[in-house]
Number of protein chains: 2
Amino acid sequence: MSLLTKHHTHLEAQTLAAKKAAKILGILSTKEKNDALHVLANHLEKEYKRILEANNKDIEAGRDKEYEAAFMDRLALSKERIIEFANGLREVAALEDPIGEEISSWTLDNGLKVSNVRVPLGVIGMIYEARPNVTVDATGLALKSGNAIVLKGGSSAIHSNKAIVDVMHEALEKTTIPKEAVQFINSTDRKTTQQLFTKKEHIDVLIPRGGGSLIKAVVDNATIPVLETGVGNCHIYIDQEADADKALSILINAKTDRPAVCNAAETLIVHQRWLNENKQGLTDALKAHNIAVHGDSMIVDAIPGAVLAEEMDWEKEYLGLEIAIKTVDDIDEAIQHIEDYGTKHSEAIITEDQSSARKFMSLVDAAAVYHNASTRFTDGGALGFGAEIGISTQKLHARGPMGLSALTTSKYCMTGSGQIR
Amino acid sequence: MSLLTKHHTHLEAQTLAAKKAAKILGILSTKEKNDALHVLANHLEKEYKRILEANNKDIEAGRDKEYEAAFMDRLALSKERIIEFANGLREVAALEDPIGEEISSWTLDNGLKVSNVRVPLGVIGMIYEARPNVTVDATGLALKSGNAIVLKGGSSAIHSNKAIVDVMHEALEKTTIPKEAVQFINSTDRKTTQQLFTKKEHIDVLIPRGGGSLIKAVVDNATIPVLETGVGNCHIYIDQEADADKALSILINAKTDRPAVCNAAETLIVHQRWLNENKQGLTDALKAHNIAVHGDSMIVDAIPGAVLAEEMDWEKEYLGLEIAIKTVDDIDEAIQHIEDYGTKHSEAIITEDQSSARKFMSLVDAAAVYHNASTRFTDGGALGFGAEIGISTQKLHARGPMGLSALTTSKYCMTGSGQIR
């Protein structure tokens, strides 16, 4: 379905079109939305070659710019990855529709019926970096939750993203969702992005997804409410009473399973006494996984090859096989260090002492706190949410992995027969 | 209980003290918090004379400045009003404690226990105008929900607010709540307020409560997340199929019951056909309640004394016995007018046509939508929430009347036995 025939190039026209489309999309039935997601999935699979051709342009440009291998990995698409994207949309179609859910309802003594129902936010502005999968994932979650979406991806993936959106637009023509519900900002200039940050009259929320500097740019410049996602300077605290096997296994998993993601550990805080008894085990484990160590003076003495940590090491997301290690005299010092340097994402204590665990879990201020488990579980998929639009590290609206319901708001619907106060 | 003995005069020290106090307050038991609220209530009643003396200074200063009568009314305290404040605190003590509530919990296949629990936001910055009752109400709600509060009231009530906080501080000395959990910014200069708007490292959320210009100043200048409250340009739409008695009774109630509050009606939208049949009834009702009318040309013709509305009349909160009236040809025009001029607060349709009612309720984007009832019910007390910190007109976090749970966030607590991914 199409609301506008003329091709709009300007941001104003695009965000307005998204707002109008959101009105139609917001009241579609669950079946209409699910059918559309399947049409999108099938069409992406059918047109995978066009997407790969566009992706090649981005890959070539990336090679010219000598991007890092990990970056190129995330950018590169394949037939298999496009099938994964399509299957992701089918999974979103299978999720329960949050829209229309009656959160609560009651009747006042005067007979006025009160019903608080879940409704879409309206228009979501998605600002992200070089992962073309976000173009598909975010669109799927937005449409399922009845929201229009304005996509602003990174310049390094612009051909891939454009091709994906073109294919999705063709697919939407065959559905009851207006294709204007998906808007792609085909521009890499800073001015357009700035404009997007302040289009409060058309966009209801901005969701930045990417590195720390991207997120900071959005938070600092947006006048639209922001759902802050993802910066994770996560800590593992190995307490005096930690079981050595659990501690080392969790540490290595949290650090090395996928070092580039936000729920990976960046700093180890270790109780002095535990360190004294487990120096060799810790050294061996770090060495076996090629983890470079930045530590305080006690760590430099204890672990061969460790270099003295600077202030910035406590603040940094290494996102690779490096770790900062700090020794503490007690749990309070560990909690204070997390308070000073943490990003309120995921924090873990390893201990067999239940009262220390309780203290840590209640005093550490983060989206997720762990006792004897890896921080890697802070993830919509791992927690069974099906799909996530990002991991919120803020306190308002949604905290932790955000699924479909984070893309909704509520509305009080009052039905009366003339009630007055 | 007291954390700091030295008297701190600077904002930085005050907000830091609030943050430290929040850590202690956040893990107190329900009983400790409720006991403290009763101590506060009793002490306010006992020391009412000191508060009235301070209030007199504000009243005298207000007379010198020739404030409006309604403003002076809201500023003036009495023994009875202070007893009301104290009883308000006792009512908050009687409300269920949201903190510690397990919102959801489940166990992953690997045995990891996941529990999502409700926790305090931390520190609330409350920015408000000349109602000393907010000083007590907001403090009660903050403390009950485990949050410290930084109070910045209007300069016209500064003596009253200071005296109330002094009395509350004395009372807190006798409780397990650190008195630093309640901070009063004893300053009226703009620079201090600006500093408060950006103390992101100490304050978790700002709640402005007052007129439109206050709220706009906070939203435009804050870098801390804001819970936007209260501007209400509310509409009553009288549909073609409206019952005349219901329509007039609801209109008069919404306009005149308490014209200065945010859920009062400011604009009437009326279907032409209904107007033609009910011209006299509408005219009589408005006249009987001394309501001045700003209308479009059809209204100027229909209602004696009506003056032609200007653009600003459609945007304005009159907060008094004035109303803007627009005629429409159909419900779509009414919905569009609300879209263009509404503030997403409370909007009502009066009709006997169920399908028009459904259309209005689903398409109008507001915190509360009404069918055949007065907009005056958008209120924490009226809806049975016990007490409210304000009425949110934003979509994120909380929408509509905000009770205790709007002052909380959530935290995932994961308990394992060595689980890794």
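Labels below follow one simple rule: chain letters A, B, ... track the order of the sequence lines, proteins then strands, and each chain is numbered from 1.
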Given B/Val114, B/Asp245, B/Asp204, the one with more heavy-atom pairs under 4.5 angstrom with chain A than any other is B/Asp204

Heavy-atom cut-off 4.5 Å, strictly under: side chain, backbone, both or neither for A/Lys359 against chain B? neither

Check whether more than 12 heavy atoms from other residues, nucleotides or ligands sit under 6.0 Å from atom CD of B/Glu96, and answer yes or no. no

Derivation of the side-chain contact (heavy atoms from CB on, under 4.5 Å) call for A/Leu383 and B/Trp106: CA-CA 9 Å; A/Leu383 291 181; B/Trp106 64 99; 4.1 Å; yes

Can you tell me which portion of B/Ser362 sits under 4.5 Å from chain A's heavy atoms? Options are side chain, backbone, both or neither. both

Identify which part of A/Val117 has an atom lying under 4.5 Å from any heavy atom of chain B, answering side chain, backbone, both or neither. neither

Pick one of side chain, backbone, both or neither for A/Asn110, based on which atoms fall under 4.5 Å of a heavy atom in chain B. side chain

For A/His337, which residues count as a ring pair (Phe, Tyr, Trp, His ring centres under 6.0 Å) partner, sequence neighbours excluded? A/His235, A/Trp314, A/Tyr341

More than 12 heavy atoms from other groups under 6.0 Å of NZ on A/Lys216: no

Residues 248-256 of chain B: residues contacting chain A (heavy atom under 4.5 Å, by number): B/Ser249, B/Ile250, B/Asn253

Measuring from atom NZ of A/Lys20 to atom CD of B/Glu339, what distance do you get when rounded to the nearest 0.5 angstrom? 10.5 Å

Contact origin within B/Asp379 toward chain A - heavy atom pairs under 4.5 Å: side chain

Anything in residues 409-421 of chain A with a heavy-atom distance to chain B below 4.5 Å? Please list those residues in order. A/Thr409, A/Ser410, A/Lys411, A/Tyr412, A/Cys413, A/Met414, A/Thr415, A/Gly416, A/Ser417, A/Gly418, A/Gln419, A/Ile420, A/Arg421

I'd like to know which of A/Ala222, A/Ala382, A/Gly26, A/Gly384 tops the heavy-atom pair count under 4.5 Å against chain B. A/Ala382

Interface moiety of B/Leu112 toward chain A, non-hydrogen atoms closer than 4.5 Å: side chain

Using a 4.5 Å heavy-atom cutoff, which residues in residues 346-358 of chain B come close to chain A? none

Any idea which of B/Ile27, B/Asp365, B/Leu363, B/Leu121 has the most non-hydrogen atom pairs under 4.5 angstrom with chain A? B/Leu121

Which residue out of B/His371, B/Lys395, B/Arg376, B/Lys246 racks up the most heavy-atom pairs below 4.5 Å with chain A? B/Lys395

Please state whether the side chain, the backbone, both or neither of B/Ala366 comes within less than 4.5 Å of a heavy atom of chain A. backbone

Looking at OG1 of A/Thr223 and CG of B/Asp220, how far apart are the two atoms once the value is rounded to the nearest 0.5 Å? 8.0 Å

If I measure from the heavy atoms of chain B, does A/Val205 come under 4.5 Å with its side chain, its backbone, both, or neither? side chain

